[in-house]
Amino acid sequence: MKKIKILKRMVLILFSFTLLWFLGDNILTISALIFNNDVLHLGHFSYEKTSLPIKIVVIIKLFAFCLFLYGAYFLIKILLIKNITDYYNNNAFNFLNKAGKLIIISNIVAFLLSFSIFFIDIKYYVYFNANSRYLSLLMIVFGLFLIIFSKVLVVGKKIKQENDLTI
């Protein structure tokens with residue numbers, strides 16, 4: 001049980017740092033593109049204002065990021081369940097399923113937004129993380145895995161209940 005507590009702490013710390021990194025990245029992107037502030041000092045905002053389509057894409061990206069954070073919140077809630085070794089806890093099933101769905105939706109949006117760079121000025125490429133298409137696809141697979149795992153646990157719980165009833 002001590003090893004599980006240590007692993008839980010490590011996961012929580014790494015997950016927190018990762019979320020803070022994503023949050024910082026998105027704050028930089030939003031402040032750069034919506035407020036015409038060249039936070040990366042690349043010289044993109046010296047003469048013109050950011051166009052409306054770019055601002056719309058950034059707002060959609062922010063929405064996708066919020067969905068991802070909400071999905072991550074459910075994964076953290078699983079780690080914070082008092083008895084994490086209770087595999088048949090209904091909360092764990094629900095949290096896995098919700099996290100999987102939210103991660104899938106947010107990464108489908110992010111994947112589709114990564115193609116918007118072809119319709120927007122290429123100089124904003126660095127602000128859109130358009131090279132993260134593969135990561136978005138990997139996260140979609142991860143979300144599907146979470147949903148499948150939650151369904152497997154539900155079936156396992158039903159089988160356990162049936163076995164407990166038989167003498």
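Every value quoted in this text rests on a predicted model; they were computed, and no experiment measured them.
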Here the gap from Y73 atom OH to K98 atom NZ, rounded to the nearest 0.5 Å, amounts to 9.5 Å
Result block: side-chain N/O donor-acceptor pairs under 3.5 angstrom for residues 146-158, not counting sequence neighbours:
from	atom 1	to	atom 2	distance (Å)
S150	OG	I147	O	2.7
K157	NZ	N90	OD1	2.5

Residues G71 and A99: closest non-hydrogen pair is O-CB, 3.3 Å
Grouping ILVMFWY residues whenever side-chain heavy atoms fall under 4.5 Å, the cluster of W21 otherwise contains none
| query | Can you check whether I78 reaches L96 side chain to side chain, under 4.5 Å on heavy atoms? | reply | yes
Quiz item: With side chains defined as the heavy atoms from C-beta onward, is the minimum distance between F65 and L69 less than 4.5 Å?
Solution: yes
Same cluster (ILVMFWY, side-chain, under 4.5 Å), F145 and F93:
no
Point to revise | Joint hydrophobic cluster, L144 plus L137, side-chain heavy atoms closer than 4.5 Å | key: yes
Rounding to 0.5 Å, atoms CZ (F68) and CG (L102) come to a distance of 10.5 Å
Task: Same apolar cluster: V11 and L75, side chain cutoff 4.5 Å - done: yes
Exercise. Any side-chain heavy atom of F15 sitting closer than 4.5 Å to one from I76?
Worked result: yes
Rounded to the nearest 0.5 angstrom, the CG-CD1 distance for L67 and I108 is 11.0 Å
In this structure, CG of N94 is separated from NZ of K77 (nearest 0.5 Å) by 10.0 Å
The salt bridge (charged side-chain N to carboxylate O under 4.0 Å, His left out) partners of K160 (sequence neighbours excluded) come to D164
Distance col, row I105:CD1 vs F63:CZ, nearest 0.5 angstrom, shows 8.0 Å
- Heavy-atom side-chain proximity of I103 to F142 below 4.5 angstrom: yes
d(L80 CG, N91 CG) to nearest 0.5 Å is 12.0 Å
Notebook entry, point to check: Does a sphere of radius 6.0 Å around OH in Y70 hold more than 12 heavy atoms from other residues, nucleotides or ligands, not counting ones at 6.0 Å or beyond?
Noted result: no
S106 and A64 have their tightest heavy-atom pair at CB-O, 3.0 Å
Taking a hydrophobic cluster as the set of Ile, Leu, Val, Met, Phe, Trp and Tyr residues connected by side-chain heavy atoms closer than 4.5 Å, whether directly or through intermediates, do L113 and I56 fall within one such cluster? yes
